[in-house]
Amino acid sequence: MKFYMIFSRAQRGLVFAACLLAVVLSASSIMAASASITKSEYGTTADGEAVDEYTLTNANGMEVKIITYGGIVTSLRVPDRNGNLDDVVLGFDNLQDYETRNPYFGAIIGRYGNRIGNASFSLDGEDYTLAANNGENTLHGGNKGFDKVVWTAEEIPGDAEVGLSLNYLSPDGEEGYPGNLDVTVVYTVTDDNELRIEYSATTDKPTVVNLTHHSYFNLAGNGSGTIYDHILWIDADRYTPIDAGLIPTGELAPVDGTPFDFRVAKAIGPGIRSNDEQMIFGRGYDHNWVLNREEGNTEMELAARLYDPGSGRVMDVLTTEPGLQFYSGNFLDGTLVGSSGGMYRQGDGLCLETQHFPDSPNKPDFPSTTLNPGDTYESTTIYRFGVD
Ligand code: BGC
């Protein structure tokens with residue numbers, strides 16, 4: 001029996017109107033799913049400074065939470081191959097833990113990512129002494145690096161992407177570094193499931209700068225166990241071997257024939273148990289890879305790909321930087337209870353920190369980290385999420 005025979009003309013009109021309404025409603029709900037940014041109070045530091053949390057969401061539901069303390073990414077939810085969202089970074093669920101016991105979870109790192117040997121360097125004939133917060137060396141900016149200051153935030157609204165601009169003015173002499181350093185870090189979440197991080201800085205005295213981001217990723221989900229089954233690819237023929245204090249020796253060594261060869265994607269776990277001296281120094285992977293790019297080329301390029309076979313999640317790391325620190329969470333020792341509610345143990349997350357090489361201020365042959373007045377430090381990294 002045909003449609004026009006069952007229904008009267010009036011009924012057919014009603015059905016048509018209902019269909020039209022459904023089409024209009026679903027179209028408007030698609031249009032409504034644009035990127036958004038919201039703000040809420042997160043807490044107050046021990047010094048009495050107010051800290052806010054911003055939630056950046058894209059049209060696919062990817063959601064990134066960032067607090068103004070340390071510019072810390074506290075949560076990063078992305079879909080797995082079945083579309084289920086999960087938090088893929090380690091973190092805490094309260095400000096006090098971030099202030100007192102954070103091994104740099106999710107933080108902006110500066111002024112200098114990774115180590116400077118003997119906590120000192122010379123620049124233009126001046127000697128500078130830095131805070132020695134890692135044995136005799138300085139690590140990640142010193143005692144109170146950029147991970148431990150409150151940043152000024154400004155929302156950047158948009159349709160296909162939303163951003164959060166964070167600014168901090170680091171005074172001349174802070175942690176021993178010369179020059180007033182005006183730093184801006186812009187986090188952007190795009191509809192292509194990217195977290196883009198753009199760093200810029202200017203100074204009023206010659207200084208050194210090396211900014212990075214320190215999320216501990218676990219693509220199977222925060223608190224789900226170790227990352228040893230994750231498959232990693234790094235576009236690097238060479239890496240910078242370290243001494244027992246984790247300071248580069250200055251050599252750019254071939255990865256060929258070593259556990260550091262990730263030119264063909266492979267699981268992380270087996271190499272960690274290798275008795276290679278470098279692995280013993282790092283207690284696992286804690287090294288800088290020399291990305292395959294022409295010296296001085298600052299184009300955005302794919303540097304690494306991380307894949308979790310269980311969830312199907314893939315993370316591409318694209319950067320303008322010459323180096324990548326792959327740290328396999330070796331110092332997580334079961335003393336921290338995280339935002340997952342469980343305890344974090346060795347290897348429960350890994351960092352892929354785009355950077356200039358560690359100890360560059362004392363290694364004239366490494367790409368320079370000097371920033372002079374009148375110049376602008378610029379660096380961009382994208383963590384792009386997908387599934388396979
Ligand atoms: C360093 C590690 C350090 C860790 C701190 C990494 O970037 O390379 O040596 O222990 O940060 O969480």
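As the structure lists them, so they are numbered: ligands from 1, and atoms in each ligand from 1. Every value quoted in this text rests on a predicted model; they were computed, and no experiment measured them.
Minimum interatomic distance between L219 and R313 (heavy atoms only, all atoms of both residues): O-NH1, 2.8 Å.
The residues lining ligand 1, counting any heavy atom closer than 4.0 Å, are P103, Y104, N114, R115, H140, H214, Y216, L246, D286, Q325, Y327, F331, E353.
Within 6.0 Å of CG in N330 there are more than 12 heavy atoms belonging to other residues, nucleotides or ligands.
Taking the six-membered ring for Trp and the full ring otherwise, the centers of Y239 and Y285 sit at least 6.0 Å from each other.
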* With side chain to side chain contact (heavy atoms under 4.5 Å, CB included) as the test, would you mind laying out the steps for I116 and L130 before giving the verdict? => CA-CA 9 Å; I116 297 178; L130 309 168; 3.8 Å; yes
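Side-chain contact between Y383 and E194: absent, with no pair of heavy atoms (C-beta onward) separated by less than 4.5 Å.
Through side-chain heavy atoms spaced under 4.5 Å, either directly or across other Ile, Leu, Val, Met, Phe, Trp or Tyr residues, I231 is tied to Y307, V314.
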